[in-house]
Amino acid sequence: VDLVDFIDWTGVECLNQDPAHGIANALKQGYREDEGLHLASDSDEQLLIYIPFMQVIKLHSALFKGPEEEGEICNSTSLHEC
């Protein structure tokens with residue numbers, strides 16, 4: 001199930017995002033399907049993402065897609081419940 005309809009967009013935050021390649025590129029329908037758009041950091045390899053939901057959800061897994069070039073794919077992902 002796609003949870004995009006349950007996201008509280010007014011509270012979505014992404015620290016270290018490049019303004020030209022923001023969080024909407026990764027989450028919003030129509031943007032995320034476009035191979036030319038992506039989310040990128042403006043300072044280092046880390047992105048701190050906060051996604052609030054309008055109701056209680058049960059998150060089973062998350063899918064992250066990245067370039068296939070060596071050294072470009074995330075080695076570890078930490079999900080923290082707030």
Q.
Tell me which one of Leu47, Ile51, Ile49 satisfies side chain to side chain contact (heavy atoms under 4.5 Å, CB included) with Ile23.
A. Ile49

Q | Fellow cluster residues of Tyr31, listed by chain then number, with links counted only when side-chain atoms sit under 4.5 Å apart | A | Leu37

**Q.** Interatomic distance, Asp5 atom CG to Gln55 atom CD [nearest 0.5 angstrom]
**A.** 10.5 Å

Q. Which heavy atom of Lys28 sits nearest a heavy atom of Glu33, and at what distance?
A. O-OE1, 4.3 Å

Donor-acceptor list for residues 8-16 side chains, cut-off 3.5 Å, not counting sequence neighbours:
{"unit_1": "Asp8", "atom_1": "OD1", "unit_2": "Thr10", "atom_2": "N", "d": "3.3"}
{"unit_1": "Asp8", "atom_1": "OD1", "unit_2": "Thr10", "atom_2": "OG1", "d": "2.6"}
{"unit_1": "Asn16", "atom_1": "ND2", "unit_2": "Gln46", "atom_2": "O", "d": "3.2"}

Q: Quick one: list whatever passes side chain to side chain contact (heavy atoms under 4.5 Å, CB included) with His21, sequence neighbours left out.
A: Asp18, Asn25, His38, Ala40

**Q.** Sequence-distant partners of Asp2, salt bridge (Lys or Arg N to Asp or Glu O under 4.0 Å), two or more places apart
**A.** Arg32

Q: Quick one: name the residues clustered hydrophobically with Val56, using the 4.5 Å side-chain heavy-atom rule over I, L, V, M, F, W, Y, and just say none if it's on its own.
A: none

Q. Which pair of non-hydrogen atoms, one from Leu27 and one from Val4, has the smallest distance, and what is that distance?
A. O-CG2, 3.6 Å

